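Each remark here refers to the structure printed beneath this line.
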2 protein chains.
Amino acid sequence: MSVTLKDVAQAARVSVSTASRALTGTGLTSDRTQQRLVRIARELGYRPNPIARGLKTGQSRLVALLVHNLTNASFQVMAEVVQARLKALGYQMLLCIGGDDPQQESDTLTTLVDHRIDGLIVVPTGKNGAQLKTLAKDVPIVCLVRRDDATDLETVLADDPQGAYLGTRHLIELGHKRIGLIVGRQDTTSGRERLSGYVRALREAGIARDDTLIHAGHYVPETGATSARKLLDLSRPPSAIFVANHEATLGVLRVTAERNIAIPDDLSLLCYEDMPWFEWHRPAISIVDNGARDLANLAVDRLLHRMDAKGNGSEGVREYRVGARLIKRDSCRQVDTPAPARSTKSKSSSSKTSAAKSAKV
Amino acid sequence: MSVTLKDVAQAARVSVSTASRALTGTGLTSDRTQQRLVRIARELGYRPNPIARGLKTGQSRLVALLVHNLTNASFQVMAEVVQARLKALGYQMLLCIGGDDPQQESDTLTTLVDHRIDGLIVVPTGKNGAQLKTLAKDVPIVCLVRRDDATDLETVLADDPQGAYLGTRHLIELGHKRIGLIVGRQDTTSGRERLSGYVRALREAGIARDDTLIHAGHYVPETGATSARKLLDLSRPPSAIFVANHEATLGVLRVTAERNIAIPDDLSLLCYEDMPWFEWHRPAISIVDNGARDLANLAVDRLLHRMDAKGNGSEGVREYRVGARLIKRDSCRQVDTPAPARSTKSKSSSSKTSAAKSAKV
DNA sequence: CTGTTAGCGCCTTCAT
DNA sequence: ATGAAGGCGCTAACAG
């Protein structure tokens with residue numbers, strides 16, 4: 001079927017080892033035979049067999065990326081970035097979807113090391129620390145977005161405390177005093193950290209924390225819907241909601257639509273992690289950008305670094321943070337003052353009470 | 001590092017070949033030793049090395065999926081489906097992103113066969129037919145979503161002629177006579193087929209085709225924005241737009257927002273391929289569903305079939321179609337009659353002229 | 001600088 | 001039913 005190193009060697013009338021040396025470019029051959037071999041190999045259409053090479057070298061030129069899903073916009077761009085970066089370096093990406101499920105994660109991890117991956121970037125569930133720790137002895141690992149507290153792996157995190165702080169402060173500066181927070185599960189790094197940033201901003205502003213305004217839940221739209229309903233049903237509903245649980249955003253939007261709540265006139269909305277359509281949505285949705293692209297790039301950098309410095313395991317393990325940025329668009333408005341006239345139009349409509357009372361659906 | 005077959009054999013005091021036979025379950029060993037070997041292997045934590053096995057058998061337990069990007073919602077679900085299906089069967093998915101670029105596609109393809117993938121599902125650009133044809137001799141290939149006309153590979157397509165027809169007819173039935181079409185490049189299967197479906201529906205309804213209403217372009221939001229502007233700038237603008245180019249949708253929405261055009265009051269909008277947020281968007285966007293999930297499942301089925309029936313290359317090559325479905329939501333309205341009162345509310349606003357004239361941005 | 005010799009871990013004839 | 005031996009394609013000592 002395909003032409004092997006032996007074929008090339010025979011065609012060039014040299015031994016396989018010479019051919020191997022010439023083609024891998026170890027510089028251990030005379031320039032003449034080197035070039036000759038390269039030429040012949042090309043003529044014959046020789047392609048080295050990574051499987052055979054891998055058996056010998058223990059490497060596979062395969063790097064795995066393990067994420068929870070592809071619905072989350074951040075994971076999408078991470079996958080694209082990682083794949084692009086790796087391909088440029090001659091690696092293939094093995095994309096795995098773990099569903100944020102410890103069992104699946106565990107299974108996937110073993111399959112991956114079976115395949116002798118050369119490196120792994122993983123968004124850990126946090127429940128397989130022991131396994132990860134073991135694997136880390138054999139293969140360079142970088143944790144992304146979430147930390148696995150049971151390990152001491154190199155980790156690239158978003159600066160969620162800062163991001164949540166920035167977002168909350170923004171809302172406070174706009175005059176909001178009652179700010180609803182819909183945030184991720186508190187057994188995840190990001191969930192905890194975003195809550196802490198929110199709390200800090202509140203404290204600095206001298207606003208008392210009100211736990212009826214805080215909802216933590218799973219990373220699904222339903223969380224957003226349920227939480228939003230509860231928030232809006234309060235006797236004193238919030239004038240702004242900070243949706244710091246990315247996947248919950250759709251649920252929140254559905255509820256505001258169902259109840260005919262105008263954004264930002266009736267309610268200010270600030271979300272976390274950018275998505276393409278946030279910018280095209282009307283009104284354009286203000287967000288805290290977690291820097292998915294930079295996170296992925298940094299993770300690749302760190303992984304490559306560890307792959308180069310092969311062997312020396314936990315030496316110099318570090319935790320990195322990629323700063324968050326506030327991107328102001330049109331979904332948050334100043335309160336305490338009359339609603340500002342929208343720039344390009346004057347479509348003033350419906351209720352303008354500072355916060356919508358619970359309305360029948 | 002890891003325990004090999006030899007280790008297991010030694011521990012069991014048998015030869016490696018016996019161990020191999022017992023563990024691969026060829027049934028060529030006595031039940032007793034068989035079970036004993038399995039037990040010992042488990043105790044030792046033995047994991048077969050796919051690399052070594054692959055070198056011998058020529059297989060890798062790797063199946064590749066080559067798509068254009070992960071931004072497109074259909075590709076997202078396809079990736080998730082393919083990965084899930086394959087994992088259940090002990091395969092790993094190699095996800096590659098080709099960017100709809102022939103050069104990248106070509107590079108990727110060679111890398112993939114180097115890695116001795118056991119199968120390939122590819123959304124072809126259409127420009128590498130010769131290469132695909134060659135590869136198909138070595139590895140089972142299924143084309144997805146697009147056909148490569150230069151090959152005779154098994155192909156799983158959406159029923160785009162039908163989908164576009166259904167969508168267009170729906171708009172016609174609502175009374176629309178001037179229906180704008182924003183569609184994909186005409187050098188792609190889907191681009192051509194969706195146009196043809198649109199044309200057929202028009203013809204059946206006795207509506208003359210008007211080429212000023214038809215815009216074909218690249219699969220990017222900008223296409224939607226540019227095309228929408230041109231359509232709305234016409235002296236007789238359309239009363240409905242059928243965005244049969246998935247990625248163009250965001251661009252269209254931006255333009256309608258910029259110009260303060262209310263949907264569906266001022267303009268009916270029908271899109272192609274579902275996305276999670278279409279359903280949550282306000283108004284919920286009616287769509288023609290291409291059946292991404294079923295497409296992926298069928299592609300996997302066909303691929304597995306060919307992988308089983310190894311060898312017999314082009315025998316029984318077939319083209320499959322997965323039917324499209326119209327999903328009516330709230331972005332299209334009846335014309336010729338007064339705008340129907342929206343169900344839950346009465347937020348009547350702004351211009352209600354049948355179609356918005358070009359407005360300054 | 002080059003050729004010879006060993007394997008990497010596994011499967012598979014071929015004997016027994 | 002089991003062992004022994006050879007080889008998949010390649011790299012990495014060893015010699016010369």
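None of these values were measured; they are calculated from a predicted model. Lettering follows sequence order; numbering is per chain, from 1.
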Are there more than 12 heavy atoms of other residues, nucleotides or ligands under 6.0 Å from atom CZ of A:R321?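 Yes - once you tally the heavy atoms of other residues, nucleotides and ligands closer than 6.0 Å, there are more than 12.
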Looking at B:S20, does any N or O in its side chain come under 4.0 Å of the phosphate oxygens OP1/OP2 on C:dC11?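 Answer is yes, contact under 4.0 Å.
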Looking at D:dT2, I'd like to know if its phosphate oxygens (OP1 or OP2) sit under 4.0 Å from a side-chain N or O belonging to B:S30.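 B:S30 to D:dT2 OP1/OP2: side-chain N or O found under 4.0 Å.
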Whole-Å gap separating [atom2] ([N]) and [atom1] ([X]):
{"X": "B:Y46", "N": "C:dC11", "atom1": "OH", "atom2": "P", "value": "6 Å"}
{"X": "B:L37", "N": "C:dC10", "atom1": "CG", "atom2": "P", "value": "13 Å"}
{"X": "B:R32", "N": "D:dT2", "atom1": "CZ", "atom2": "C1'", "value": "13 Å"}
{"X": "B:I51", "N": "C:dC8", "atom1": "CD1", "atom2": "C1'", "value": "11 Å"}
{"X": "A:L5", "N": "C:dG3", "atom1": "CG", "atom2": "P", "value": "12 Å"}
{"X": "A:K56", "N": "D:dG7", "atom1": "NZ", "atom2": "P", "value": "17 Å"}
{"X": "B:R116", "N": "D:dC10", "atom1": "CZ", "atom2": "C1'", "value": "12 Å"}
{"X": "B:D31", "N": "D:dA1", "atom1": "CG", "atom2": "P", "value": "9 Å"}

Check if the side chain of A:R21 and the base of C:dG3 share a donor-acceptor pair of N or O atoms closer than 3.5 Å.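 Under the 3.5 Å cut-off, the side chain and the base do form a donor-acceptor pair.
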Determine whether a donor-acceptor pair (one donor, one acceptor, N or O, separation below 3.5 Å) exists between the side chain of B:S17 and the base of D:dA4.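 When only heavy-atom distances are counted, B:S17 does reach the base of D:dA4 through a donor-acceptor pair under 3.5 Å.
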Apply salt bridge (Lys or Arg N to Asp or Glu O under 4.0 Å) to the pair A:R147 and A:D149, showing each step before the final yes or no. CA-CA 6 Å; A:R147 181 172 33 220; A:D149 295 311; 3.3 Å; yes
Salt-bridge test for A:R116 and A:D138: reply yes if a basic N is under 4.0 Å from a carboxylate O, no otherwise.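 Looking at A:R116 and A:D138, the cut-off is not met.
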For A:E247 and A:N72, does a side-chain donor sit closer than 3.5 Å to a side-chain acceptor?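 There is such a pair (donor and acceptor under 3.5 Å, judged by atom type) between the side chains of A:E247 and A:N72.
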Just checking, is any N or O donor in the side chain of A:Q35 or A:D31 under 3.5 Å from an acceptor N or O on the other one?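 Absent: no donor and acceptor within the cut-off.
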Which listed nucleotide ([options]) is nearest to the side chain of [X]?
{"X": "A:T24", "options": "C:dT2, C:dC11, D:dT11", "answer": "D:dT11"}
{"X": "B:V14", "options": "C:dC10, D:dG3, D:dG9", "answer": "D:dG3"}
{"X": "B:T18", "options": "D:dC10, D:dG7, D:dG3", "answer": "D:dG3"}
{"X": "B:N49", "options": "C:dC11, C:dG9, D:dA13", "answer": "C:dG9"}
{"X": "B:R53", "options": "C:dG9, D:dC10, C:dC11", "answer": "C:dC11"}
{"X": "A:T33", "options": "D:dT11, C:dT2, D:dG3", "answer": "C:dT2"}

Looking across every strand, which nucleic acid part, if any, lies under 4.0 Å from B:V16 by heavy atom: base, sugar-phosphate, or nothing?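 If one applies the 4.0 Å heavy-atom cut-off, B:V16 turns out to touch nothing in the nucleic acid.
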Across the strands shown, which category fits B:L55 at heavy-atom distances under 4.0 angstrom: base, sugar-phosphate, nothing?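 The answer is base, as B:L55 lies within the cut-off (heavy atoms under 4.0 Å) of a base atom.
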Taking C:dT2 as the reference, what is the distance to D:dG9 when you measure between their P atoms (whole Å, please)?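 Looking at atom P only, D:dG9 and C:dT2 are 25 Å apart.
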Same-atom distance (P) from C:dC1 to D:dC10, integer angstrom: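 Those two atoms are separated by 24 Å.
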Which heavy atom of B:L5 sits nearest a heavy atom of B:A19, and at what distance?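 That closest heavy-atom pairing would be CD1-CB, 3.8 Å.
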